Amino acid sequence: MLDSVLVYGLAAVILGGLTSPVGVVIAAWIIGVLENLAAVYVGFIGFDLKVAVPFILIFVVLIVRPQGLFGRKTVVRV
Amino acid sequence: MTRPTATPASSFSALRQRPWVRWAVPLLLVVVLAVLPLVLTEAANDTLARIGVFAVAVLGLNVVMGYTGQISLGQIFFLGLGAYVTAYGVTNDWNIVLVFVLTCLIPAVAGLLVALAAARLGGLAIAMVTIALPIVGVPLAKRLSEFTGGSQGVSARFTDAPEGSGLYDDQWQLYLVLVIGGIVFVLTRFLVRGKYGRAFAIVKGNENVASSMGISPYRYKVLAFTIASLIGGVSGFLYMVVVQYTSPETMSFGHSIELLVAMVIGGAGSIAGSLLGGAFYVVVPNLTNAVDPSLTALLQGALLLVVLFVLPGGLVSLPRAVMRGLRRSPAGRGHAAPPTTPSPTTGSGPAAEEPDTERLGRA
């Protein structure tokens with residue numbers, strides 16, 4: 001029940017960055033828009049595979065910026 | 001308690017130290033497991049085989065989560081991938097050994113590729129990447145219908161008992177599960193008790209400490225994840241041995257969470273706990289269905305909470321908790337404990353209580 005909300009919510013948090021509430025809102029907006037654009041205009045993805053879009057996005061973003069789009073790098077003292 | 005007293009707990013552990021016991025117990029276990037399929041009913045054999053399948057899947061999850069401490073929500077994807085590879089190989093009449101090798105290799109390579117990227121990220125991000133596997137896997141399996149048979153799924157019968165063996169199909173399947181699953185369990189036990197197991201434990205404990213000791217957390221996370229995927233692939237093969245049918249629903253997200261629940265209830269970071277987890281995964285839905293089919297999810301959730309409140313270490317810590325209770329009970333009674341055993345537990349028990357009673361008496 002409402003699994004997808006949970007998943008999209010978590011995706012937005014990770015993409016936006018754990019330290020930035022505003023970033024999460026922006027990331028959620030990006031995910032929603034990009035997902036539906038990809039479903040319509042990218043032939044291979046289509047509507048059944050559009051759920052993959054946020055994950056691909058996360059995958060790419062996190063490899064470049066592990067702290068998320070708007071997150072700050074946290075330094076841990078050992 | 002340094003001196004062994006006559007409590008059942010210590011006599012039991014003393015018995016376990018004897019060399020002949022250490023050999024006899026596994027031997028006895030093997031004999032019992034070899035005889036069991038011949039005497040049980042068909043339904044019991046089938047249930048046992050399913051428990052074996054999911055115990056192997058939970059074991060894989062345990063390697064990456066219980067031992068290495070990385071959150072993986074995608075274990076069921078590798079089970080599904082293994083099942084699909086098996087089904088595809090069998091329907092194309094490939095040699096069954098080749099199919100088995102491919103069933104190990106393809107999920108392992110998929111897991112390796114995912115882990116190479118995912119292990120660079122910390123904690124939650126790994127969960128995020130692995131959560132994607134079952135969620136993307138289901139529509140992907142429906143899309144690639146020439147390999148997977150689309151939403152109808154694909155069935156493959158290849159585990160009928162061989163001619164002349166005199167076994168029924170269910171007995172043969174259970175033997176296959178016992179042999180393959182047993183080998184996986186033994187190998188994993190050696191893995192987590194040895195050099196790699198210690199490296200996994202230190203990566204779980206503290207990554208900075210690990211890297212300061214020359215253990216690359218990245219490399220061991222990738223290794224653990226790859227091994228978990230490989231074991232997941234094996235459990236997919238066993239799934240096809242027993243169920244002989246797979247569909248995209250096999251690797252749905254809900255099942256992945258159920259595997260996680262089974263691992264936590266069985267006991268994270270424990271070989272025996274994986275077995276208990278597999279039993280939980282198979283048996284408990286049947287039990288709750290027998291109680292009331294409309295309350296299945298509610299009852300399972302309640303059971304999860306009860307187990308975690310009573311036994312935070314999972315079902316596998318039950319014997320230890322009982323032993324501790326037995327050992328403590330003579331000490332707890334204080335005056336009933338014999339005065340000839342001056343152990344710190346018996347000494348502190350009454351001593352801690354007496355000031356309280358005195359104060360109460362004065363007040």
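Please read these numbers as outputs of a predicted model, since none were measured by experiment.
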Crowding at CZ, Arg65(A) (>12 non-hydrogen neighbours, <6.0 Å): yes
In terms of heavy-atom proximity below 4.5 Å to chain B, should Leu18(A) be classed as side chain, backbone, both, or neither? side chain
Atom OH of residue position Tyr218(B) - does it have more than 12 heavy atoms of other residues, nucleotides or ligands inside 6.0 Å? yes
What is the minimum heavy-atom distance between Leu49(A) and Val136(B), and which atoms define it? CD2-O, 4.2 Å
Which bit of Ile58(A) comes within less than 4.5 Å of chain B, counting heavy atoms only: side chain, backbone, both or neither? side chain
Got a second to check how far Phe55(A)'s CZ is from Leu133(B)'s CG, nearest 0.5 Å? 9.5 Å
Between Asp48(A) and Arg143(B), is there a salt bridge with N-O shorter than 4.0 Å? yes
